[in-house]
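Quick notes on the structure that follows.
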Amino acid sequence: MGKVVLVTGVARRLGGRFVRRIQRESDVERVIGVDAVPPEHHLGGADFVRADIRHPTIGKLLAEYGVHTVVHMDINGTPLGARGNRASVKETNVIGTMQLLGACQKAPSVQRLVVKSSTNVYGSAPRDPAVFSETTPPKSLPSGGFAKDTVEVEGYVRGFARRRPDVAVCVLRFANILGPCADSPLAEYFALPVLPTVIGYDPRLQFVHEKDAIEVLRIAASEPRRSTLNSGTFNIAGDGVLLLSQAARRLGRPTLPLLLPTLRWARTALRSLGITDFSPEQIRLLTHGRVVATTQMRETLGFEPEHTTAGALADYAHSRGPGLLPPETLARTIDRLAALLPAGAQP
């Protein structure tokens, strides 16, 4: 008999893709997908149960299906669909996690818990260290938004781990996820024809390809391979770092440097027009950046991403088409200008 895996947040594309992937594991007998709204994508052979994890009914599902592994992916920074709002997202992130963990604590069948977290727990501040490890405390705790949600969620998860030491708990702190199907706030920001930036700042950024995100979730939800351990907290990011200016050039998007108060006004204007909504914490990221160490991801978890940070951005850029200043066109223009100038002059 194989194990039963319950996955939350399957109405989002990443959750749906993970559900389809985990079904192919030989030791998985059944997959239960849970969300408050029906997914628009197919879930393969998984059973979908429409349930809100903020309500105690989630405990009945764990008992009814004899769930062995819970993969909690319903922790997000943006609403799902046009009807959502920040308040409902926070309730799902925090209250939903509390209810789910309470149900897991009472369910003797649950033996493994995987939580999709974020490197947002480290915040973004001017005095931050150059690189965050899993044990590096942030210089200033996030004061609001999704970052604060993730800090609270991880606190509840640590409490659960103390109460149920028999359950293997794995927390994955993802850097910004990119790829052809990515629907994250940063993906929406990079899709703008012109990228507003903070004048005088060029932050360092890391990305995770969505395929790598699916694969590391699969590893965390499975029995550990020889010489690896998939219990604990792990930073997840692709190799390498890109400056925001480098990312903009590779996307073919011109940047518009603004003073910080003006950028905040631009954020409000874009949100009112329904174009995008980059939060205050994303503005801090676009100001100060964030880089995390991934040594534990490789040496302990045993995961080696297939895509680098630059590769994840390249795949995302390919799926979105050329920007206003495609890198190839810009390079040809510079070469033509160089050919017209006298020898030794710079274009």
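Atoms considered below: every heavy atom in the structure, side chains included; atoms not considered: hydrogens, waters and symmetry mates.
Partners of T309 under the side-chain contact (heavy atoms from CB on, under 4.5 Å) rule, at least two apart in sequence or in another chain, are Q206, F207, L242. Taking the ring-ring contact (aromatic ring centres under 6.0 Å, His included) definition, one finds that H209 meets it with H307, sequence neighbours left out.
Contact of the M297 side chain with the L172 side chain is not registered, since no non-hydrogen atoms from C-beta on lie closer than 4.5 Å. Contact check for V19 versus F48: no side-chain heavy atoms found under the 4.5 Å cut-off. Between I53 and H72, some side-chain heavy-atom pair lies under the 4.5 Å cut-off. Side-chain contact between L251 and Y316 is present, with heavy atoms from C-beta onward closer than 4.5 Å. Using a 4.5 Å cut-off on side-chain heavy atoms (C-beta onward), L217 and R21 make no contact. Looking at heavy atoms from C-beta onward, E152 lies out of side-chain contact with N93 at the 4.5 angstrom threshold. Contact of the L313 side chain with the Q246 side chain is not registered, since no non-hydrogen atoms from C-beta on lie closer than 4.5 Å. Between P180 and E210 the shortest side-chain heavy-atom distance falls below 4.5 Å.
For the 3.5 Å distance criterion, the side chains of Q296 and T300 qualify, holding a donor opposite an acceptor. Counting only N and O atoms by type, the side chains of D74 and T92 include no donor and acceptor under 3.5 Å apart.
Although no hydrogens or angles enter the test, the distance criterion places a donor-acceptor pair under 3.5 Å between the side chain of D212 and the main chain of E306. H41 contributes a side-chain N or O that, together with a main-chain N or O of V10, makes up a donor-acceptor pair within less than 3.5 Å. In terms of modelled atom types and a separation under 3.5 Å, the side chain of E215 and the main chain of P305 share no donor-acceptor contact. At least one donor-acceptor pair closer than 3.5 Å links the side chain of R164 to the backbone N or O of A107. The backbone N or O of H42 sits less than 3.5 Å from a side-chain atom of R20, completing a donor-acceptor pair. With hydrogens and angles ignored, the 3.5 Å screen pairs a side-chain donor or acceptor of R253 with a backbone N or O of F190. With hydrogens and angles disregarded, a donor-acceptor distance shorter than 3.5 Å links the side chain of K116 to the backbone of I75. S222 places a side-chain N or O within donor-acceptor distance of the main-chain N or O of R218, the cut-off being under 3.5 Å.
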Does the side chain to side chain contact (heavy atoms under 4.5 Å, CB included) test come out yes or no for L14 and I214, once each step is laid out?
CA-CA 8 Å; L14 189 69; I214 297 298; 3.6 Å; yes

Yes or no on side chain to side chain contact (heavy atoms under 4.5 Å, CB included) for S117 and V171, after CA distance, side-chain angles and deciding distance?
CA-CA 6 Å; S117 186; V171 176; 3.8 Å; yes

Chi angles and distances behind the side chain to side chain contact (heavy atoms under 4.5 Å, CB included) call for R13, E40:
CA-CA 9 Å; R13 279 184 273 186; E40 296 181 355; over 6 Å; no

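Pairs of residues two or more places apart, or lying in two chains, that qualify as side chain to side chain donor-acceptor pair (under 3.5 Å) and include a residue from residues 102-111 are Q105-R163.
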Sequence neighbours left out, cut at 3.5 Å: what donor-acceptor pairs do the side chains of residues 124-131 make with other protein atoms?
{"from": "S124", "atom 1": "OG", "to": "G289", "atom 2": "O", "distance (Å)": "3.4"}
{"from": "S124", "atom 1": "OG", "to": "R290", "atom 2": "NH2", "distance (Å)": "3.1"}
{"from": "D128", "atom 1": "OD2", "to": "A125", "atom 2": "N", "distance (Å)": "2.8"}

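Considering OH of Y122 and CZ of R173, their distance stands at 4.0 Å, rounded to 0.5 Å. Note that the CG atom of L286 and the CG atom of L195 stand 9.0 Å from one another [nearest 0.5 Å].
Ionic pairing of D47 and R30 is present here: one or more N-O contacts between side-chain nitrogen and carboxylate oxygen are shorter than 4.0 angstrom.
Residues A187 and A182 approach most closely at CB-O, 3.9 Å, considering heavy atoms. Shortest non-hydrogen contact noted between N235 and T294 is O-CG2, 4.0 Å. Of all non-hydrogen atoms in A147 and N120, the two that sit nearest each other are CB-O, 3.5 Å.
Residue L243 belongs to no hydrophobic cluster, having no ILVMFWY side-chain heavy atom closer than 4.5 Å to its own. Grouping Ile, Leu, Val, Met, Phe, Trp and Tyr residues whose side-chain heavy atoms lie under 4.5 Å apart, directly or via other members, leaves L229 alone, with no other cluster members.
No continuous path of ILVMFWY side-chain contacts below 4.5 Å connects F132 to V208, so the two sit in separate hydrophobic clusters.
T69 pairs in a side chain to side chain contact (heavy atoms under 4.5 Å, CB included) with only one of the listed residues (V4, V7, V5), which is V5.
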